[in-house]
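All remarks here apply to the structure that follows.
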Amino acid sequence: MAATLSTALDVHHLTIPQSDNKRPNFFTKTIKQNPRRKFTIFCKSPSKPPQNPQESPKKNSSLSELLQPLFETTLPKKDQAPVLSKPSKSTWVNPSKPKRSVLSLQRHRRSPYAYNPKVRDLKLFAKKLNECENSEDAFLKVLEEIPQQPTREDALLILNSLKPWQKAHLFFNWIKTKNLFPLDTIFYNVTIKSLRFGRQFELIEELANEMVSNEIPLDNITYSTIITCAKRCNLFDKAVEWSERMYKTGLMPDDITYSAILDVYAKLGKVEEVLSLYERGVASGWKPDPIAFSVLAKMFGEAGDYDGIRAGKPGLARSLFNELLECGLTPNEKTLSCLAKIYGKARWAKDALLLWEEMKSRKWPMDFILYNTLLNMCADLGLVGEAEELFMDMKQSEHCRPDIYSYTAMLNIYGSGGNVSKAMELFEEMSELGIELNVMGSTCLIQGLGKARRIDDLVRVFSVSVEQGVKPDDRLCGCLLSVVSLCESKEDMDKVLTCLQQANPRLVAFVKLIENEESSLATVQEEFKSIIINTKDDARRPFCNCLIDICRNKNLHERAHDLLYLGTLYGLYPGLHNKTVDEWNLDVRSLSVGAAQTALEEWMGTLAKIVKREEALPELFSAQTGTGTHKFSQGLSNAFASHLKELAAPFRQSENKAGYFVATREDLVLWLQSRIASPATA
DNA sequence: ATAGGGTTAG
């Protein structure tokens, strides 16, 4: 999707400054930037002073902090041996004490299955329990018909086959009341797992606490199930809490629990902690397996925005993957999905194609999710032919037939690639096959039709979507709004606005409000704020970008400046202006063409005032548009370049840095002064 | 046929 729909990844601050009909000049103020995470892979980040080992673990300290005193001396040094290979022997400074490990290298062993002739009957009984009404009364009534007093093994077998979680829970409680045998760790673990299916974290915590008070030991399986349940319920603080509780009891995580914990920290964006834990694991002899790899790779691969505004470290994922292969491990479908996604988001076409070649030649396993991930990767990279080949493969396959994800990916490819006729063919094909368009497919198709100015088809697709039950969301509205900004005739514009009216009437009212030159800034501000607050984060900046574009297309430049000001005020454009002693920089990478032009003009206006007041200026001025790494993205840098040319501004495109425009103070001041002298050209 | 970790979209 074009820059107008790029993701807003920043924290928005929506505090209201006093409302005044005159907007302040906002480039004179330093816009607060988001701190950007910097880390060096596999090297320690600037470390905190080590804690006193005597100290008891602090409340709320992270797991890696808790581990710090134990492993301070065993950490691999910077740039040491490959990460996945056996670590070189570290010097253990105190041989009188045994070297402690970060994790237990011995995985939990399962008790062997004991053959039981009653199994068939018990299975049948469990089936009966599963089929009865999901109420306490109905369940207990069937339960009274149990053939005989269940032994521990019988009970476990039944417990394992009960669905949904309510029944497993009732059965567990029933066993507890009957007091036939003591309930041990396994009983709790099985029940906890079942509760996890129902995302019943509160009940799980209750059971875990019951274990503690009844002195039933919690083991690695208990902890990993609790932690992953918290994770699935998005209770990340709870996941961390239980990881630390585990540590405090002195129980060492085994490799599975370790991966689960790493994933929690990774999902929380605690990159330093993950790396620290990772290093410590490797130092104590742990070899990440394909699952741990996926967890780590996902974290490294977080690419976010395709102009490196919040770039991840896809290179780290790649080297990890290569080491995984060197260790003789075979990647599976999930590992490969992770990697394919990373290469796509990072726009690493070469690596993506190499990976695909290797997948084919080495006959690595494929499943339909991996196929779909590869299709999305092709969409990210603009690999139309490759996507078509994959899609055909899927159609001819037995177990990987294209589903809604596959069709959506293809709609995305054709919609963003400008081959809207093929997108429409697919749309018809979907109707024939009875695969209903969802909101994402609808957005892709509408985007493509908008680009091709096929407004009547767009209206038809929108209507069909809504009839089929698609609920337009903020991103679809953003897409419609961007089409409004593309429309050349009032007639087309009204058609699209009529669609938008159904989805988001306030947005349409706002377009009318800003088009009216009589509307005061205070009124616009109030309504803008209210709309933005009620818009999902990732659609806020695109909304503002499109609104600015609409104003510019209608020659409402002053209003466009108002909107850019409001967008900046409410945190939609963090880091737009960056100042160092030597260089001031305008970063318009996340702006639409119109918004970028507006920002440039605003900046020049500000600088003119500074020149007039004869205040200090740095040596160098720069503006960056990024390169639009997406094959299909409209060149913001070209549009920006022609705008500079139009203004006759003395910025030159940098030769070694694409999408980077530079002006010296000398040239810029001269030009600004000439503009001050004859403002008519402005 | 007995309890734990990582995969897909606008």
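Lettering follows sequence order; numbering is per chain, from 1.
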Counting side-chain heavy atoms from CB outward, which of [options] is closest to [X]?
X	options	value
A:I256	B:dG10, B:dG5, B:dG6	B:dG5
A:K334	B:dG10, B:dA9, B:dG6	B:dG6
A:D473	B:dG10, B:dG4, B:dG5	B:dG10
A:D380	B:dG10, B:dG5, B:dA9	B:dG10
A:K123	B:dA1, B:dG10, B:dT7	B:dA1
A:L156	B:dG10, B:dG6, B:dT2	B:dT2
A:K231	B:dG10, B:dG5, B:dT8	B:dG5
A:T408	B:dG5, B:dA9, B:dT7	B:dA9
A:N220	B:dG10, B:dT7, B:dG4	B:dG4

NA contact type, [X], heavy-atom cut-off 4.0 Å: base, sugar-phosphate, or nothing?
X	value
A:L476	base
A:D403	nothing
A:T373	sugar-phosphate
A:S442	nothing
A:S161	nothing

No-H, no-angle donor-acceptor pair, [X] side chain to [N] base, under 3.5 Å:
X	N	result
A:T257	B:dG5	no
A:N438	B:dG10	no
A:T443	B:dG10	yes
A:S337	B:dG6	no
A:D289	B:dG6	no
A:D255	B:dG5	no

So, does [X] get its side chain near the phosphate of [N], meaning an N or O under 4.0 Å from OP1 or OP2?
X	N	answer
A:R232	B:dG5	yes
A:K341	B:dA9	yes
A:K193	B:dG4	yes

Could you give the [atom1]-to-[atom2] distance, from [X] to [N], as a whole number of Å?
X	N	atom1	atom2	result
A:M440	B:dA9	CE	C1'	6 Å
A:L375	B:dT8	CG	C1'	10 Å
A:L426	B:dA9	CG	P	19 Å
A:Y343	B:dT8	OH	C1'	18 Å
A:I186	B:dG4	CD1	P	11 Å
A:Y265	B:dG6	OH	P	17 Å
A:L339	B:dG6	CG	C1'	13 Å
A:F293	B:dT7	CZ	C1'	12 Å

One thing to verify: whether [Y] and [X] come together as a salt bridge, which I'm taking to mean a side-chain N less than 4.0 angstrom from a carboxylate O.
X	Y	value
A:D473	A:K536	no
A:K422	A:E425	no
A:R460	A:E428	yes

| request: Please work out whether the ring planes of A:W348 and A:Y343 are parallel, tilted or perpendicular, with thresholds of 30° and 60°. | output: parallel
| Any chance the rings of A:F391 and A:Y407 have centres within less than 6.0 Å? | yes
| Which pair of heavy atoms, one from A:A317 and one from A:L339, lies closest together, and at what distance? |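 Between these two residues, the closest heavy atoms are O-CD1, 4.2 Å.
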| field | Partner of A:R196 by side chain to side chain donor-acceptor pair (under 3.5 Å), out of A:T191, A:T228, A:T225 | value |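 Single side chain to side chain donor-acceptor pair (under 3.5 Å) partner of A:R196 among A:T191, A:T228, A:T225: A:T228.
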